[in-house]
Amino acid sequence: MNAIREEVTSAAERAVTSLQARAGGRLDYSAASLAAVDEMLVEVSGYVADLDEAVVTGLVQQLGCYVLEVARRAYGGTYYWHDEGEQPVLVVGEPDAHIALLTWSKVTGRLTGDVGDDIAYFFRGFAEKAALPEAGEAGVLLSCT
């Protein structure tokens with residue numbers, strides 16, 4: 001297991017451990033569990049301005065990694081570090097196609113109240129591409145806030 005995968009899986013496990021009760025036991029690494037992630041982010045968005053920056057960063061990283069792990073478990077792929085985005089990226093479909101998933105920006109958007117950054121909806125878009133990658137396809141699903 002590469003170091004980035006270890007870090008992502010560890011952060012995802014921390015999210016499950018710390019948020020499972022709040023999620024009503026729904027954090028099972030399924031695509032359906034992303035509705036619970038989205039609900040939690042919407043709830044926190046109402047008072048995110050009152051939270052310490054370290055708490056917000058931890059939440060973004062843990063839930064972003066949870067979303068990445070849901071994707072990797074469903075579609076495989078390899079984790080890399082995205083220097084420009086300063087976050088892990090999951091790439092699926094290699095070597096024929098390169099479908100990339102970056103999540104921290106999307107989680108940040110939802111956490112700060114952007115209704116367009118619905119996590120479950122975003123994941124469905126990724127899943128459609130990852131399920132049937134076309135040879136030569138180079139699509140990066142990235143939401144910058």
Side-chain angles (χ1 to χ4, degrees), residues 1-94 97-133 137-145:
M1 187 180 316
N2 71 32
I4 298 169
R5 181 172 170 183
E6 287 179 28
E7 290 181 32
V8 170
T9 57
S10 177
E13 288 169 8
R14 285 193 306 277
V16 171
T17 299
S18 63
L19 299 169
Q20 187 66 280
R22 167 57 195 89
R26 295 182 289 168
L27 298 181
D28 61 2
Y29 294 98
S30 68
S33 73
L34 297 177
V37 169
D38 196 67
E39 290 167 14
M40 289 185 286
L41 290 169
V42 168
E43 181 180 315
V44 174
S45 72
Y47 58 91
V48 71
D50 299 327
L51 297 176
D52 184 73
E53 184 178 338
V55 171
V56 174
T57 298
L59 192 59
V60 166
Q61 291 176 353
Q62 288 178 19
L63 288 175
C65 287
Y66 177 82
V67 176
L68 287 171
E69 262 303 281
V70 169
R72 188 192 62 77
R73 290 178 183 207
Y75 300 102
T78 303
Y79 288 119
Y80 299 97
W81 185 254
H82 191 272
D83 289 325
E84 186 177 322
E86 297 181 351
Q87 62 183 295
V89 57
L90 176 68
V91 179
V92 301
E94 292 182 307
H98 296 47
I99 310 300
L101 180 65
L102 294 153
T103 59
W104 291 5
S105 301
K106 186 61 75 173
V107 169
T108 299
R110 194 60 158 162
L111 187 59
T112 56
D114 189 337
V115 296
D117 282 333
D118 182 290
I119 300 302
Y121 179 81
F122 173 66
F123 186 82
R124 283 191 300 274
F126 165 78
E128 288 174 11
K129 290 284 190 182
L132 299 168
E137 187 169 26
V140 175
L141 300 179
L142 169 64
S143 174
C144 295
T145 56

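This structure is a prediction, so every number in the text was calculated from the model and none was measured. By convention here, the first residue in the shown sequence is residue 1.
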*Salt bridge or not for Glu39 and Arg22, using N-O below 4.0 Å?*
no
_For the SG atom of Cys65 and the CZ atom of Arg72, what is their distance to the nearest 0.5 Å?_
11.5 Å
*Which heavy atom in Leu90 sits nearest to a heavy atom in Ala71, and how many Å separate them?*
CD2-CB, 3.6 Å
_Interatomic distance, Tyr121 atom OH to Lys106 atom NZ [nearest 0.5 angstrom]_ = 9.0 Å
*Least distance between heavy atoms, Gly64 atom then Thr103 atom*: O-OG1, 2.8 Å
*Side-chain contact, heavy-atom cut-off 4.5 Å: Leu51 with Val44?*
yes
*Does the ring of Tyr79 carry Arg5 above it, NZ/CZ under 6.0 angstrom from centre and within 45° of its axis?*
no
*Please report the shortest heavy-atom distance between Val92 and Ala130, naming the atom on each side.*
CG2-CB, 3.8 Å
*Take Asp117 and Phe122, measure what side chain to side chain contact (heavy atoms under 4.5 Å, CB included) needs, and give me the verdict at the end.*
CA-CA 7 Å; Asp117 282 333; Phe122 173 66; over 6 Å; no
*Does the pair Leu132 and Glu128 meet the rule for a side chain to side chain contact (heavy atoms under 4.5 Å, CB included), with working shown?*
CA-CA 7 Å; Leu132 299 168; Glu128 288 174 11; over 6 Å; no
*Determine yes or no for a side-chain-to-main-chain donor-acceptor pair under 3.5 angstrom, with Gln87 supplying the side chain and Leu102 the backbone.*
no
*Student check: side-chain heavy atoms of Tyr29 and Val16 closer than 4.5 Å*: yes
*Would a distance-only check, ignoring hydrogens and angles, find a side-chain to backbone donor-acceptor pair under 3.5 Å from Glu69 to Ala12?*
no
*With no hydrogens and no angle check, is any side-chain donor or acceptor of Asp38 less than 3.5 Å from a backbone partner on Asp118?*
no
*Give the ring-plane orientation class for Trp104 versus Trp81, where under 30° counts as parallel, over 60° as perpendicular and anything between as tilted.*
perpendicular
_Taking side chain to side chain contact (heavy atoms under 4.5 Å, CB included) as the criterion, tell me which of Val37, Leu34, Asp28, Leu27 meets it with Val70._
Leu34
*Take Val8 and Leu68 through the side chain to side chain contact (heavy atoms under 4.5 Å, CB included) test and state the conclusion after the steps.*
CA-CA 8 Å; Val8 170; Leu68 287 171; 4.1 Å; yes
*Heavy-atom closest pair, residues Ser45 and Gly113*: CB-N, 3.9 Å
*Hey, could you give me the OG1/CD1 distance between Thr9 and Ile4, rounded to the nearest 0.5 Å?*
11.5 Å
*Considering all heavy atoms, the nearest Ala35-Ala120 contact*: N-CB, 4.4 Å
*Find out whether Val48 and Val56 are in side-chain contact, i.e. whether some heavy atom of one side chain is under 4.5 Å from a heavy atom of the other.*
yes
*If we ignore angles and hydrogens, is there a donor and acceptor under 3.5 Å between the side chains of Ser18 and Arg14?*
no
*Please examine the side chains of Leu19 and Leu63, heavy atoms only from C-beta on, and report whether any two atoms are closer than 4.5 Å.*
yes
*If we ignore angles and hydrogens, is there a donor and acceptor under 3.5 Å between the side chains of Tyr66 and Ser33?*
yes
*Is there a donor-acceptor pair closer than 3.5 Å between any side-chain N or O of Arg110 and the backbone N or O of Val42?*
no
*CG of Asp114 to CG of Leu41: how many Å apart, nearest 0.5 Å?*
12.0 Å
*asked:* If the condition is salt bridge (Lys or Arg N to Asp or Glu O under 4.0 Å), which residues does Arg124 pass it with, not counting sequence neighbours?
replied: none
*Do Glu6 and Asn2 have side chains that get closer than 4.5 Å, going by heavy atoms?*
no
